[in-house]
Amino acid sequence: MISVTESAAQKAITLISNSETPTESELGLRMQVVGGGCSGFQYSLEFGAKKDTDKVFEFHGLKVFIDPRSTLYLAGSVLDYNDGLMDSGFKITNPNAKNTCGCGESFSV
């Protein structure tokens with residue numbers, strides 16, 4: 001199971017509501033782990049509709065879609081959003097990551 005902070009959920013909901021997609025109510029945040037990056041795996045966050053095999057979670061009114069393979073890598077992770085001057089954006093804290101690269105965008109297990 002993952003968790004999403006209220007600030008991350010509210011920011012994602014705001015971004016979805018600002019989209020020009022007519023089926024806005026069907027959209028959610030897709031969290032995915034894909035191969036690549038300095039350390040072997042990297043995170044992918046995008047807005048989209050649910051796919052047939054996705055697991056669906058809901059946090060603070062935000063639908064989150066995760067494919068079965070990514071669920072294994074993201075178990076116990078926390079998605080947060082920081083709106084600071086020097087460090088702004090979504091951040092995933094993943095307890096399964098054994099090593100991360102300097103940019104914080106990729107990890108290994």
Side-chain angles (χ1 to χ4, degrees):
M1 177 74 161
I2 63 155
S3 62
V4 176
T5 65
E6 188 170 355
S7 62
Q10 290 306 314
K11 183 62 175 181
I13 290 169
T14 299
L15 293 171
I16 290 171
S17 68
N18 288 338
S19 73
E20 296 179 13
T21 307
T23 57
E24 176 185 309
S25 65
E26 299 298 319
L27 294 180
L29 177 67
R30 174 173 306 289
M31 291 180 67
Q32 193 172 22
V33 174
V34 295
C38 310
S39 298
F41 294 104
Q42 60 189 18
Y43 302 110
S44 172
L45 297 175
E46 62 186 30
F47 300 114
K50 178 190 177 299
K51 295 182 181 175
D52 290 339
T53 59
D54 286 342
K55 292 189 178 198
V56 180
F57 304 92
E58 189 164 333
F59 302 95
H60 310 286
L62 173 69
K63 294 177 190 165
V64 178
F65 309 129
I66 305 176
D67 66 88
R69 185 181 67 87
S70 296
T71 302
L72 300 172
Y73 294 108
L74 291 170
S77 295
V78 177
L79 176 66
D80 193 13
Y81 182 79
N82 184 17
D83 197 14
L85 290 174
M86 296 294 289
D87 185 22
S88 178
F90 290 99
K91 179 180 178 181
I92 297 173
T93 303
N94 187 343
N96 303 304
K98 301 296 181 216
N99 295 308
T100 58
C101 68
C103 68
E105 296 295 320
S106 69
F107 67 98
S108 64
V109 290

TODO: Mind listing the closest non-hydrogen atom pair of Ala75 and Pro95 along with its distance?
DONE: O-CG, 3.8 Å
Task: In one Ile/Leu/Val/Met/Phe/Trp/Tyr side-chain cluster, 4.5 Å: Leu15, Val4 - done: yes
Show me the side-chain donor-acceptor pairs of residues 81-93 shorter than 3.5 Å, one per line, residues at least two apart or across chains.
from: Asn82; atom 1: OD1; to: Gly84; atom 2: N; distance (Å): 3.4
from: Asn82; atom 1: ND2; to: Asp87; atom 2: O; distance (Å): 2.8

Task: From OH (Tyr43) to OG (Ser70), nearest 0.5 Å - done: 10.5 Å
TODO: Determine the minimum heavy-atom distance between Asp54 and Ala49, stating which atoms define it.
DONE: OD2-O, 4.5 Å
Open item on the list: Count I, L, V, M, F, W, Y as connected when their side-chain heavy atoms are under 4.5 Å apart, and connections chain through other members. Are Leu45 and Ile13 then in the same cluster?
Closed with: yes
TODO: Identify the heavy atoms of Ala9 and His60 that sit nearest to each other, and give their distance.
DONE: CB-CB, 3.7 Å
Open item on the list: Using only atom types and a distance under 3.5 Å, with no angle test, would you say the side chain of Arg30 pairs donor to acceptor with the backbone of Ser44?
Closed with: no
TODO: For residues Ser17 and Thr14, report the shortest heavy-atom separation together with the two atoms involved.
DONE: OG-O, 2.9 Å
Open item on the list: So, taking the atom named CG in Leu62 and the one named CD1 in Ile16, what distance separates them when rounded to the nearest 0.5 Å?
Closed with: 5.5 Å
TODO: Report the residue from Ile66, Asn96, Asp67, Leu79 that forms a side-chain contact (heavy atoms from CB on, under 4.5 Å) with Leu74.
DONE: Ile66
Open item on the list: Hydrophobic clustering (ILVMFWY, side-chain heavy atoms < 4.5 Å, transitive) - are Val78 and Ile2 grouped together?
Closed with: no
Open item on the list: So, taking the atom named CG in Leu27 and the one named CD in Glu46, what distance separates them when rounded to the nearest 0.5 Å?
Closed with: 11.0 Å
- [ ] Step through the shown structure and confirm whether more than 12 heavy atoms of other residues, nucleotides or ligands are within 6.0 Å of NZ on Lys50.
- [x] yes
TODO: List the steps and the verdict of side-chain contact (heavy atoms from CB on, under 4.5 Å) for Leu29 and Phe47.
DONE: CA-CA 5 Å; Leu29 177 67; Phe47 300 114; 3.8 Å; yes
Open item on the list: Working to the nearest 0.5 angstrom, can you tell me the gap between Lys55 NZ and Met1 CE?
Closed with: 10.5 Å
